[in-house]
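Contents: one structure, followed by commentary.
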Amino acid sequence: MAAGTTPIFTVTPNFGWGTTALATANTAKDGTGTVLTCFTAGANGAFVQSIRFRPAGTNIATVVRVFINNGSTNATAGNNILRDEITASAITLSEVAAVTNFELPLNITLPAGYKVNVTVGTTISAGLYCSVVGGDY
């Protein structure tokens with residue numbers, strides 16, 4: 001089988017985000033349970049550059065887990081893989097100082113319909129918003 005020799009570039013920007021703040025604990029390490037979908041690859045697949053988490057307010061520390069889902073139900077563990085995780089430190093909302101964002105570089109190619117799902121390890125009061133920078137092929 002011949003290898004591709006021509007670089008591939010995205011055609012359409014795809015900037016995904018969760019529509020709510022992620023706040024409810026999910027201790028499952030297999031991508032099942034309550035997840036927030038932050039990105040869905042287009043009809044020809046997608047490239048995902050990075051994912052960023054922004055506190056919605058004051059939160060205790062937690063871990064954020066990033067799962068890749070094959071586009072089917074996340075209730076089946078075999079449809080998910082834990083891609084990465086990051087510690088989100090405790091944050092106190094301030095009107096005089098910026099809150100810290102937490103960002104993970106992913107730099108991965110996803111097949112058509114695959115999703116980026118996220119969870120948090122402990123329940124946090126204000127929650128975290130997620131946004132994903134990518135592009136569809």
Side-chain angles (χ1 to χ4, degrees):
M1 179 158 97
T5 58
T6 305
I8 185 170
F9 299 97
T10 58
V11 176
T12 306
N14 186 341
F15 187 83
W17 61 87
T19 56
T20 60
L22 179 64
T24 304
N26 179 352
T27 58
K29 310 300 187 294
D30 59 6
T32 61
T34 302
V35 301
L36 181 64
T37 299
C38 295
F39 185 89
T40 303
N44 294 314
F47 178 78
V48 178
Q49 180 180 337
S50 63
I51 184 168
R52 175 179 277 199
F53 303 96
R54 175 144 183 90
T58 299
N59 290 316
I60 62 170
T62 190
V63 63
V64 182
R65 294 186 175 95
V66 178
F67 294 90
I68 305 303
N69 170 272
N70 67 5
S72 298
T73 177
N74 75 291
T76 302
N79 293 336
N80 314 304
I81 185 73
L82 177 61
R83 170 64 184 175
D84 213 338
E85 54 189 9
I86 188 171
T87 300
S89 60
I91 294 290
T92 300
L93 184 63
S94 172
E95 299 307 325
V96 296
V99 290
T100 303
N101 292 313
F102 308 97
E103 187 163 349
L104 273 172
L106 293 177
N107 295 316
I108 57 174
T109 300
L110 295 179
Y114 274 47
K115 299 175 184 177
V116 176
N117 292 336
V118 297
T119 65
V120 289
T122 56
T123 296
I124 50 179
S125 56
L128 296 168
Y129 289 108
C130 67
S131 60
V132 176
V133 176
D136 289 335
Y137 295 116

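- The distance from atom CG of Asp30 to atom CZ of Arg65, rounded to the nearest 0.5 Å, is 10.5 Å.
- The distance from the CD atom of Gln49 to the CG atom of Leu106 is 9.5 Å, given to the nearest 0.5 Å.
- In the hydrophobic clustering of this structure, Phe53 does not group with Trp17; members are Ile, Leu, Val, Met, Phe, Trp, Tyr whose side-chain heavy atoms approach within less than 4.5 Å, directly or through other members.
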Contacts table for residues 114-122: side-chain donor-acceptor under 3.5 angstrom, sequence neighbours left out:
from: Asn117; atom 1: OD1; to: Thr37; atom 2: OG1; distance (Å): 2.7
from: Thr122; atom 1: OG1; to: Ala61; atom 2: O; distance (Å): 3.4
from: Thr122; atom 1: OG1; to: Thr62; atom 2: OG1; distance (Å): 2.9

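- Linking ILVMFWY side-chain heavy atoms closer than 4.5 Å, directly or via other members, places Leu104 and Leu36 in a single hydrophobic cluster.
- Remark: side-chain polar atoms of Thr58 are paired, donor with acceptor, to backbone N or O of Leu93 under 3.5 angstrom.
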Without placing hydrogens or testing angles, list every side-chain donor-acceptor pair under 3.5 Å for residues 126-137, not counting sequence neighbours.
from: Asp136; atom 1: OD1; to: Asn14; atom 2: ND2; distance (Å): 3.0
from: Asp136; atom 1: OD1; to: Gly42; atom 2: N; distance (Å): 3.0
from: Asp136; atom 1: OD2; to: Asn14; atom 2: ND2; distance (Å): 3.3

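- Within the model, atoms CZ of Phe39 and CZ of Phe15 stand 10.5 Å from one another, a figure rounded to the nearest 0.5 Å.
- No continuous path of hydrophobic side-chain contacts links Val35 to Ile124 [ILVMFWY only; heavy atoms under 4.5 Å].
- Distance OG1/Thr32 to CG/Asn26: 6.5 Å, rounded to 0.5 Å.
- Tracing side-chain contacts under 4.5 Å through hydrophobic residues (I, L, V, M, F, W, Y), one never reaches Ile51 starting from Phe67; they form parts of separate clusters.
- Under the side-chain hydrogen bond (donor to acceptor under 3.5 Å, both in side chains) criterion, Asp84 pairs with no residue, sequence neighbours left out.
- With hydrogens and angles disregarded, no donor-acceptor distance shorter than 3.5 Å links the side chain of Ser125 to the backbone of Asn59.
- The environment of Ile81 atom CD1 is sparse: at most 12 non-hydrogen atoms of other residues, nucleotides or ligands sit within 6.0 angstrom.
- Sorted by first then second residue, the disulfide (SG to SG under 2.5 Å) pairs that include residues 55-115, not counting sequence neighbours, number zero.
- For the side-chain contact (heavy atoms from CB on, under 4.5 Å) with Phe102, the lone residue among Ile86, Thr87, Val64 that qualifies is Ile86.
- To the nearest 0.5 Å, atoms OG1 (Thr92) and CD1 (Ile60) are separated by 11.5 Å.
- Sorted by first and then second residue, the pairs that involve residues 97-108 and meet side-chain hydrogen bond (donor to acceptor under 3.5 Å, both in side chains), not counting sequence neighbours, are Ser50-Glu103, Arg52-Glu103, Arg54-Asn101.
- Using a distance-only test at 3.5 Å, with no hydrogens or angles considered, no donor-acceptor pair links the side chain of Asn69 to the main chain of Asn80.
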N/O donor-acceptor pairs under 3.5 Å from side chains in residues 71-78, not counting sequence neighbours:
from: Ser72; atom 1: OG; to: Asn70; atom 2: OD1; distance (Å): 3.4
from: Thr73; atom 1: OG1; to: Ala75; atom 2: N; distance (Å): 3.1
from: Asn74; atom 1: ND2; to: Gly31; atom 2: O; distance (Å): 2.9
from: Asn74; atom 1: ND2; to: Gly33; atom 2: O; distance (Å): 3.0

